[in-house]
Visitor: 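The structure follows.
All heavy atoms count here, side chains included; hydrogens, waters and symmetry mates do not.
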Amino acid sequence: MSYDKVRASKTIIGTKQAVKAMRDGSVKELFVALDADNWVTDLAITFAREVGVPVILVESKRELGKACGIHVGAAVIAIAVE
């Protein structure tokens, strides 16, 4: 499942940080929670599509945050290029 991939990877948490990392070319995938507000996720999704980064949609921001090892929900997570 997608959450397992997040657990096993170096992550960049948050919309602003993910967009910044995509500008630097250091993101290979973007995970977006479907239950997050559109105003939080739209910028990251749009930019990912522009630069050719695959966008993976997951059900829950709570589970996405948990997969990253944080105790709050995460709307956007980027997987860093290693």
Side-chain angles (χ1 to χ4, degrees):
M1 175 151 199
S2 299
Y3 297 116
D4 293 330
K5 188 181 241 185
V6 171
R7 284 184 192 94
S9 303
K10 181 181 177 202
T11 58
I12 300 158
I13 302 169
T15 301
K16 289 181 185 178
Q17 293 301 321
V19 170
K20 182 179 176 183
M22 284 189 282
R23 283 191 183 121
D24 295 339
S26 58
V27 172
K28 64 180 178 180
E29 290 180 302
L30 187 74
F31 286 78
V32 178
L34 289 171
D35 62 346
D37 293 328
N38 289 341
W39 66 269
V40 174
T41 60
D42 284 349
L43 174 65
I45 293 170
T46 301
F47 194 72
R49 290 183 177 150
E50 286 175 11
V51 297
V53 171
V55 176
I56 295 133
L57 301 174
V58 295
E59 292 296 318
S60 167
K61 56 186 178 177
R62 181 176 179 184
E63 289 299 316
L64 191 54
K66 189 175 175 182
C68 292
I70 61 175
H71 299 288
V72 294
V76 176
I77 299 292
I79 303 296
V81 174
E82 296 177 21

Visitor: Partners of Asp35 by side chain to side chain contact (heavy atoms under 4.5 Å, CB included), sequence neighbours excluded?
Guide: Ala33, Ser60, Lys61

Visitor: For Leu34, enumerate each residue passing the side chain to side chain contact (heavy atoms under 4.5 Å, CB included) test, keeping only those at least two apart in sequence or located in another chain.
Guide: Leu57, Glu59

Visitor: Show me the donor-acceptor pairs within less than 3.5 Å that the side chains of residues 8-15 make with the rest of the protein, sequence neighbours left out.
Guide:
residue	atom	partner	partner atom	Å
Ser9	OG	Lys5	O	2.8
Thr15	OG1	Val40	O	2.9

Visitor: Apply side chain to side chain contact (heavy atoms under 4.5 Å, CB included) to Lys28 and list each qualifying residue two or more places apart in sequence or on a separate chain.
Guide: Ile79, Val81

Visitor: Side chains of Phe31 and Val76, heavy atoms from C-beta outward: is any pair under 4.5 Å?
Guide: no

Visitor: Where is the tightest heavy-atom contact between Val19 and Ala44, given as atom of each residue plus distance?
Guide: CG2-CA, 3.9 Å

Visitor: Rounded to the nearest 0.5 Å, what's the gap from CD1 on Ile45 to CG on Asn38? Could you check?
Guide: 7.5 Å

Visitor: Identify whether Leu30 and Trp39 are in the same connected component of the hydrophobic contact network (ILVMFWY, side-chain heavy atoms under 4.5 Å).
Guide: no

Visitor: Do you know the tightest heavy-atom contact between Asp4 and Arg7?
Guide: OD1-NH1, 2.8 Å

Visitor: Sorted by first residue and then second, give each salt bridge (charged side-chain N to carboxylate O under 4.0 Å, His left out) pair with at least one member in residues 66-79; sequence neighbours left out.
Guide: none

Visitor: Side chain of Ser26, backbone of Ala80: donor and acceptor closer than 3.5 Å?
Guide: no

Visitor: Might you point out which heavy atoms bring Val27 and Ala18 nearest each other, and give the distance in Å?
Guide: CG2-O, 4.1 Å

Visitor: Please report the interatomic distance CD1(Ile70) to CZ(Arg62), rounded to the nearest 0.5 Å.
Guide: 12.5 Å

